[in-house]
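Keep in mind that the numbers below use all heavy atoms, side chains included, and drop hydrogens, waters and symmetry copies. Just so you know, these numbers come straight off a predicted model, no measurement behind them.
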Amino acid sequence: MPAYVDSMAYAESGGVPWHKEGHAVSDDLTPDEMAEAAQITWTVSKRPSYTIVEPEYSEDVGLMNDPNHNHIVRDDTNAILGVCSPEGWHPFQNTEIMQFYKRFCAAGHMTMETAGSLRDGKDIWALAKYSDGFTLPGGDEVKGYCLVNNSHKPGKAFKILNTPIRVVCWNTLSMALQNSTALGGMFRLAHRVQLTAAIFEEAEKTLGLAAEQLDSFQQQTEFLASKQIKPEQFERFVAQLFAPDLLKQEQAKGFDGNVIPLCDLFKNGTQAQKVYDAFENSPGADLKSAKGTYWGAVNAVTYAMDHQGVGQHALHDAWFGRKAAHKQNALKIATEMAEAA
């Protein structure tokens with residue numbers, strides 16, 4: 001599978017997800033029902049680590065315990081997901097993390113959109129849609145979502161974050177900007193404690209889950225959609241994102257210096273070229289809000305990161321990995337450039 005999806009379910013009203021994985025389910029599933037449909041109700045356990053007492057294996061070789069390590073094992077398949085210390089790491093079960101959504105779904109503030117498992121169960125995610133969103137000029141609709149990610153690999157935190165999605169092209173955007181307690185903030189929890197209702201309450205406060213949840217992001221996107229970006233500004237926007245050192249050299253030495261010109265960034269197959277093509281040709285590029293604007297530039301990056309990915313970790317990278325960092329940085333750079341323009 002190109003996105004390395006182990007199992008997945010998605011609400012049929014949302015359409016087939018951009019990575020073309022999973023199966024459609026009813027739009028009104030509860031968090032528990034979504035977990036069942038996504039086949040993520042299995043559990044994990046910490047198990048003692050053993051090795052043989054001789055350098056080579058034989059049928060009658062004895063075993064000895066490694067007191068400093070445990071294995072994290074997926075109980076239904078016995079797949080080993082990671083190694084941890086016997087103390088100080090607690091597994092968060094998949095059904096536990098779904099409890100975060102229950103109160104919001106019951107009150108009608110959220111509906112379950114999708115859930116699934118990546119990388120043989122190392123990463124679990126669930127996505128719920130907020131009941132409100134907003135529309136930019138030209139019918140450019142943005143909806144708000146809340147993403148939960150739990151990793152069964154030690155060293156990775158449990159995360160809850162807000163991630164708006166541009167409907168016309170299913171771009172998964174970033175709102176993590178200046179203030180970690182603002183709408184774009186991310187709640188992180190290391191696996192050193194047990195999940196409790198008090199922790200979920202703390203997560204709600206961190207994420208600012210309230211009626212005005214999308215207000216600040218809407219104001220930001222409306223500002224970006226109102227500001228035109230010139231060709232040379234777009235070139236520097238992309239350079240600052242993918243080759244900041246090259247941009248600094250060119251600014252210091254000028255085009256007559258012994259420096260590769262910025263235009264060389266846009267060769268076929270490069271990330272910069274994919275962003276340029278998306279700025280001109282991706283779904284929604286011709287909408288009033290996006291054509292020739294900083295909002296269009298941001299979405300060119302998010303489209304390239306979300307839809308141009310290849311390889312088994314494409315979905316993971318777009319949501320949690322290096323491509324997610326590119327998307328977050330693109331919004332930050334575009335905002336700074338638009339404010340300075």
Original post:
Around Lys159, counting heavy atoms of other residues, nucleotides and ligands shown, do more than 12 lie under 6.0 Å from its NZ?
Top reply: yes
Measure the [atom1]-[atom2] distance between [X] and [Y] for me, rounded to the nearest 0.5 Å.
{"X": "Thr335", "Y": "Trp295", "atom1": "OG1", "atom2": "CH2", "answer": "10.0 Å"}
{"X": "Thr41", "Y": "Glu36", "atom1": "OG1", "atom2": "CD", "answer": "4.5 Å"}
{"X": "Asp28", "Y": "Met112", "atom1": "CG", "atom2": "CE", "answer": "12.5 Å"}
{"X": "Leu173", "Y": "Arg166", "atom1": "CG", "atom2": "CZ", "answer": "8.0 Å"}

Original post:
Under the side-chain contact (heavy atoms from CB on, under 4.5 Å) test, which residues partner Gln39, sequence neighbours left out?
Top reply: Ser7, His23
**OP:** Give the intermediate values and the outcome of side chain to side chain contact (heavy atoms under 4.5 Å, CB included) for residues Val301 and Phe237.
**Re:** CA-CA 10 Å; Val301 175; Phe237 163 75; 3.7 Å; yes
Give a yes or no on whether the backbone of [Y] and the side-chain of [X] come within a donor-acceptor separation of less than 3.5 Å.
{"X": "Ser282", "Y": "Ala285", "answer": "no"}
{"X": "Thr114", "Y": "Ala9", "answer": "yes"}
{"X": "Asp140", "Y": "Ser289", "answer": "no"}
{"X": "Glu202", "Y": "Ala198", "answer": "no"}

Original post:
Does the side-chain hydrogen bond (donor to acceptor under 3.5 Å, both in side chains) test come out yes or no for Asp32 and Thr30, once each step is laid out?
Top reply: CA-CA 5 Å; Asp32 286 340; Thr30 66; 5.3 Å; no
**OP:** Would you sort out whether Glu232 and Arg236 count as a salt bridge (Lys or Arg N to Asp or Glu O under 4.0 Å), showing the intermediate values?
**Re:** CA-CA 6 Å; Glu232 61 271 20; Arg236 277 157 175 73; over 6 Å; no
Verify the cluster assignment for [X] and [Y]: are they in a single hydrophobic cluster under the rule of side-chain heavy atoms below 4.5 Å apart?
{"X": "Ile124", "Y": "Val25", "value": "yes"}
{"X": "Leu29", "Y": "Phe100", "value": "yes"}
{"X": "Leu189", "Y": "Ile160", "value": "yes"}
{"X": "Val167", "Y": "Met305", "value": "no"}
{"X": "Tyr145", "Y": "Leu118", "value": "yes"}

**OP:** Could you walk me through whether His191 and Phe92 pass the ring-ring contact (aromatic ring centres under 6.0 Å, His included) test, one step at a time?
**Re:** CA-CA 7 Å; His191 286 245; Phe92 297 162; 4.0 Å; yes
**OP:** Verify side chain to side chain contact (heavy atoms under 4.5 Å, CB included) between Val142 and Thr221, making sure each step is shown before the conclusion.
**Re:** CA-CA 10 Å; Val142 177; Thr221 56; 5.8 Å; no
Original post:
When you check the side-chain N and O atoms of Asn70 and Trp89, is any donor under 3.5 Å from an acceptor?
Top reply: no
Original post:
Is it the case that Lys274 and Gln271 place a side-chain donor and acceptor less than 3.5 Å from each other?
Top reply: no
Subject >> side chain to side chain contact (heavy atoms under 4.5 Å, CB included) between Ile72 and Lys46, intermediate numbers included >> reply: CA-CA 5 Å; Ile72 308 303; Lys46 291 171 62 174; 3.6 Å; yes
**OP:** Mind running side chain to side chain contact (heavy atoms under 4.5 Å, CB included) on Tyr276 and Phe234 for me, showing each step along the way?
**Re:** CA-CA 9 Å; Tyr276 179 83; Phe234 179 76; 3.8 Å; yes
Subject >> Result of checking Asn171, Thr302, Asp306 against Lys327 for side chain to side chain donor-acceptor pair (under 3.5 Å) >> reply: Asp306
Subject >> Counterpart residues, salt bridge (charged side-chain N to carboxylate O under 4.0 Å, His left out), relative to Arg188 (two or more places apart) >> reply: none
